[in-house]
Amino acid sequence: MSQTTSPAVSVERFTGGYKSVSDYTDLQDTETNDAENVLYGPNGDIDKRQGSVRLYNTKLFNSTSTATGEPITGHFYFDKLGSTGAYHVVAAGDSIYSYTSATASAIRTGMTDNSNTFFNFIQIKDPNAAADDIILIANGVDPIQMWNGTATCVIWSAVAGAAGGGMETARFILNHKGQVFYANIVDAADADAQVKVNFSGFSVAGVGTPQAVVDSFYVGGSDKNGPILGMKVLNDQIIFYKRNSVFKGTPSTTQGLSELQELQGSIGILAPQSLIDAGNYHIFLSERGVYAFDGVNFVSLSEKVDDELFTHSNLTQLKYAKAVLDKRNDRYILYYAEGASERNNRALAYDMSIKAWQPPVTGRTVSYISTFQDSNEIEQVVYGDYLGYLYQDHVGNNDGLLNGYRGTVSSATISTVTEGSANFSTLGDGLTGLSVKIIAGTGEGQERLIASNTSSTITTVANWGTLPDATSLYSIGGISAYWKSKDYHFGGHDLLKLFREIRLRVKEEGNYSLTMQYIINFHDLAQATKATVSLLENGFIWGLGVWGQVRWGVKQSIRRRILLRNTSTQSLNGTHLALLFSNDRANETFKISGFDIILQLIGRR
């Protein structure tokens with residue numbers, strides 16, 4: 001005789017985060033191996049991630065051509081001491097720019113134009129003007145540049161007092177206790193220049209003289225451990241990272257180092273721009289995964305996502321992965337190239353507050369990532385793309401613009417869509433470089449990069465595969481977010497069940513539509529059954545209305561009973577069931593707080 005379980009699965013908190021495994025039996029009840037652009041919140045909710053907004057809607061370009069934008073290859077926030085002004089210093093193409101939300105002025109041109117040459121920056125006191133400060137800019141190819149916030153950059157080795165040589169070109173620079181360390185030197189006469197470190201000294205009065213190199217040392221040799229690929233301070237020590245080893249340098253009480261010790265001979269750094277300083281430890285991407293190092297212990301952080309990083313990425317491009325420490329949200333965010341892509345088009349974030357990996361970030365291409373302080377002196381994440389634009393992250397509900405667009409297509413050609421009543425922005429570069437996606441109707445699922453636009457017509461870079469028409473709904477700036485549960489077996493892989501209803505709990509996040517799909521017996525998503533739940537200011541609009549509303553904290557939680565139904569492609573009888581929640585509409589977000597799955601047990605198969 002059949003019986004009802006009440007409920008078979010009840011989720012009150014989402015925990016565990018993202019785990020890159022192919023076998024659903026390796027997942028805990030609320031872990032996922034299939035989700036994008038959502039976050040496991042500290043309160044146990046699943047949230048759609050926030051978006052981003054361009055800081056200046058005009059692309060940065062090469063000094064010899066303004067036709068196309070150039071990849072962003074460096075960023076530093078120069079908050080000049082004693083000054084009311086601050087500058088975004090941005091590298092793109094052959095130029096370095098002083099950049100604000102309203103303008104970008106070249107402060108250096110004629111640099112090496114290579115999208116895989118990335119810049120390092122430090123801020124120090126001006127040795128020739130004690131009340132002033134400067135930044136040094138290095139990329140390992142061109143002479144080190146110096147800028148004091150006015151006029152243009154000058155070559156560092158040409159400033160007053162420069163002496164000793166060996167600071168003309170270096171890949172990495174570091175300021176520690178009044179000394180500047182220049183690592184991975186360019187010197188054709190020295191076979192070991194890539195593991196060489198030059199350092200500056202002090203004047204007779206004990207004042208640092210960063211423009212005067214006084215000596216050098218070598219971190220290992222030119223061996224299988226490779227060149228120096230990064231250096232940062234940790235616990236007052238200088239940590240040098242090579243491809244397959246890590247060294248610790250103890251600063252001398254006078255100048256240079258008093259001791260240099262190899263700490264690790266089998267772990268090193270794979271991607272130089274993945275190295276971040278989290279205060280009490282460093283985090284970096286190695287050939288064996290993402291590691292944290294506290295000065296003594298090396299701890300793997302990425303066991304749950306190593307398959308994602310090393311099986312589904314472009315391994316030849318992993319060395320160009322970029323990372324940042326998002327202090328505001330306590331996350332290490334790593335962008336890398338997925339599949340055959342040669343651009344960093346996917347990110348994983350290790351969330352230190354919940355000690356789990358968040359689901360991947362997609363829908364962006366990130367050539368460089370950094371931070372800056374906003375007007376409230378809060379550190380914010382900023383990233384650059386391959387088209388010459390800079391974006392502030394964690395802003396709004398869209399990627400690339402604060403207010404997205406969605407509507408119905410009036411007409412289309414092979415490379416355009418038009419909505420007669422639209423009012424698309426044409427300020428600066430307009431919507432160039434953003435994406436337009438068909439989210440419903442003819443051509444659903446197609447997404448194209450925008451080449452240009454007028455106030456009512458979008459022109460795409462690539463042609464449409466299926467021509468949109470008057471049934472097509474489009475979205476510009478929308479974030480395609482979804483979360484899929486594991487395939488629940490409800491206590492028995494061989495027990496046949498009748499799946500009856502889902503009791504869904506969400507929290508108020510404004511007006512939005514949430515699509516829920518239920519997948520029985522591992523069916524393809526195309527065979528799954530779909531239900532659209534729309535939340536307006538007064539609650540759900542779907543079926544017969546609202547089941548219940550309760551106030552949780554400061555936001556209302558709204559509960560809805562969704563009765564499941566048989567379709568021509570999927571029966572409600574089965575052994576396993578999975579749920580998928582999604583939203584890809586501009587200007588919308590969502591927050592799921594839990595669900596119950598109600599079923600009736602039929603018997604063994």
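No experiment lies behind these values; they were computed from the predicted model shown. Computation of the quantities below employed the complete heavy-atom set of this structure, encompassing side-chain atoms and omitting hydrogens, waters and symmetry-equivalent molecules.
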Hey, could you give me each pair passing salt bridge (charged side-chain N to carboxylate O under 4.0 Å, His left out) that has a residue in residues 446-464? Not counting sequence neighbours. none

Taking only residues two or more places apart in sequence or in another chain, which ones pass side chain to side chain donor-acceptor pair (under 3.5 Å) with Asn329? Asp326

With sequence neighbours left out, what residues match Thr58 under side chain to side chain contact (heavy atoms under 4.5 Å, CB included)? Tyr56, Asp429

Find out whether Lys59 and Leu387 are in side-chain contact, i.e. whether some heavy atom of one side chain is under 4.5 Å from a heavy atom of the other. no

Give, for atom CZ of Phe499 and atom CG of Asn573, the distance between the pair rounded to the nearest 0.5 Å. 8.5 Å

Donor-acceptor pair, side chain of Asp47 and main chain of Arg49, under 3.5 angstrom: no

Asn521 vs Thr575 side-chain heavy atoms within contact, under 4.5 Å: yes

Just by distance, with hydrogens left out, do Asn453 and Thr432 show a side-chain donor and acceptor under 3.5 Å apart? no

Please tell me if the side chains of Tyr405 and Ser425 come closer than 4.5 Å, counting only heavy atoms from C-beta onward. yes

Does the pair Asp393/Arg328 count as a salt bridge with the N-to-O cut at 4.0 Å? no

Could you list the donor-acceptor pairs under 3.5 angstrom formed between side-chain atoms of residues 68-75 and any protein atom two or more places apart in sequence or on another chain?
| residue | atom | partner | partner atom | Å |
| --- | --- | --- | --- | --- |
| Thr73 | OG1 | Ala91 | O | 3.4 |
| His75 | ND1 | Ser370 | OG | 3.0 |
| His75 | NE2 | His88 | ND1 | 2.8 |

Using a strict 4.0 Å threshold on nitrogen-to-oxygen distance, state whether Asp26 and Lys19 make a salt bridge. no

Less than 3.5 Å apart, any donor N or O on the side chain of Ser455 or Asn423 sitting next to an acceptor on the other? no

Regarding Thr362 and Asn37, do their side chains bring together a donor and an acceptor under 3.5 Å, going by distance alone? yes

Work out which heavy atom in Phe590 is nearest to a heavy atom in Ala481; give both atom names and the distance. CE2-CB, 4.2 Å

Nearest heavy-atom contact between Trp464 and Thr413 is CD1-O, 3.3 Å

Do Val361 and Tyr335 have side-chain heavy atoms sitting under 4.5 Å apart? yes

Does Glu419 form a side-chain contact (heavy atoms from CB on, under 4.5 Å) with Ile458? I'd like the steps, not just the answer. CA-CA 9 Å; Glu419 183 190 2; Ile458 299 293; over 6 Å; no

Side chain to side chain, Leu301 and Tyr332, heavy atoms closer than 4.5 Å: no

Using modelled atom types and a 3.5 Å cut-off, is there a donor and acceptor pairing between side-chain atoms of Asn566 and backbone atoms of Leu572? yes

Counting only N and O atoms by type, is there a donor-acceptor contact under 3.5 Å from the side chain of Lys322 to the main-chain atoms of Tyr320? yes

Evaluate the ring planes of Tyr24 and His576, with Trp represented by its six-membered ring, and classify them as parallel (under 30°), tilted (30 to 60°) or perpendicular (over 60°). perpendicular

Side chain Thr365, main chain Asp385, donor-acceptor under 3.5 Å: no

Nearest heavy-atom neighbours spanning Ile438 and Pro468: CD1-CG, 4.0 Å

Taking Ser415's backbone N and O only, do any of them form a donor-acceptor pair with Thr460's side chain (distance below 3.5 Å, no angle check)? yes

Backbone N/O of Gln600 and side chain of Lys497: donor-acceptor pair under 3.5 Å: no

Leu504 to Leu514 - nearest heavy-atom pair and separation: CD2-CD2, 4.2 Å

Non-hydrogen side-chain atoms of Val21 and Asp307 separated by less than 4.5 Å: no

Students often mix this up, so state it plainly: with edges at 30° and 60°, are the rings of Phe581 and Trp483 parallel, tilted or perpendicular? parallel

Side chain to side chain contact (heavy atoms under 4.5 Å, CB included) filter on Val11, not counting sequence neighbours, yields Val9, Phe14, Thr30, Tyr488, Phe595

Side-chain heavy-atom pair Phe310, Leu318 within 4.5 angstrom cut-off: yes

Does a donor on one side chain sit under 3.5 Å from an acceptor on the other, for Asn398 and Asn587? yes

From the list Glu308, Lys304, Gln358, side-chain hydrogen bond (donor to acceptor under 3.5 Å, both in side chains) with Tyr18 holds only for Glu308

When rounded to the nearest 0.5 angstrom, what distance separates CD in Glu501 from CG in Leu599? 10.5 Å

Can a donor-acceptor pair be found, under 3.5 Å and without considering hydrogens, that links the side chain of Ser313 to the backbone of Leu309? yes

Whether the Tyr391 and Arg364 side chains hold a donor-acceptor pair (N or O, under 3.5 Å, no angle test) is what I'd like checked. no

Is the backbone N or O of Lys486 less than 3.5 Å from a side-chain atom of Asn33, with the two atoms forming a donor-acceptor pair by type? no

Nearest 0.5 Å, please: how far is OH in Tyr336 from NE2 in His312? 9.0 Å

Let's go through Gln517 and Lys484 carefully: what are the C-alpha distance in whole Å and the side-chain angles of both, what is the deciding distance for side-chain contact (heavy atoms from CB on, under 4.5 Å) to 0.1 Å, and is it a yes or a no? CA-CA 9 Å; Gln517 291 166 278; Lys484 181 178 179 291; over 6 Å; no

Taking atom CD of Glu342 as the centre, does the number of heavy atoms from other residues, nucleotides or ligands within less than 6.0 Å exceed 12? no

How many angstroms lie between atom CG of Asn116 and atom OG of Ser367, to the nearest 0.5 angstrom? 10.0 Å

Enumerate the salt bridge (charged side-chain N to carboxylate O under 4.0 Å, His left out) contacts for residues 572-586, please, sequence neighbours excluded, ordered by first and then second residue. Lys437-Asp584, Arg585-Glu588

So with a 6.0 Å cut-off around CD of Glu379, is the heavy-atom count from everything else above 12? yes

Donor-acceptor pair between Thr418 and Thr457 side chains, under 3.5 angstrom: yes

Would you tell me whether Thr32 and Asp34 have side-chain atoms, one donor and one acceptor, within less than 3.5 Å of each other? no

Is any side-chain heavy atom of Tyr512 less than 4.5 Å from a side-chain heavy atom of Val506? yes

For the backbone of Asn314 and the side chain of Gln317, can you confirm whether one donor and one acceptor N or O come within less than 3.5 Å of each other? no

Closest contact, heavy atoms only, Leu467 versus Thr442: O-CG2, 3.4 Å

Ring geometry between Tyr291 and Phe284 (parallel below 30°, tilted from 30 to 60°, perpendicular above 60°): parallel

If you take all heavy atoms of Ser435 and Leu449, which pair is closest and at what distance? OG-CD1, 4.1 Å

For the residue pair Tyr474 and Phe424, categorise the inter-ring angle as parallel (less than 30°), tilted (30 to 60°) or perpendicular (more than 60°). perpendicular

Expected output: side-chain Arg406 to main-chain Ala586 donor-acceptor under 3.5 Å: yes

How many angstroms lie between atom CG of Leu434 and atom CG of Asn57, to the nearest 0.5 angstrom? 7.5 Å

Could you go through the side-chain contact (heavy atoms from CB on, under 4.5 Å) check for Leu577 and Phe490 one step at a time? CA-CA 9 Å; Leu577 179 140; Phe490 312 99; 4.0 Å; yes

Is there a side-chain contact (heavy atoms from CB on, under 4.5 Å) between Tyr350 and Ser302? Walk through the geometry before answering. CA-CA 8 Å; Tyr350 183 73; Ser302 59; over 6 Å; no

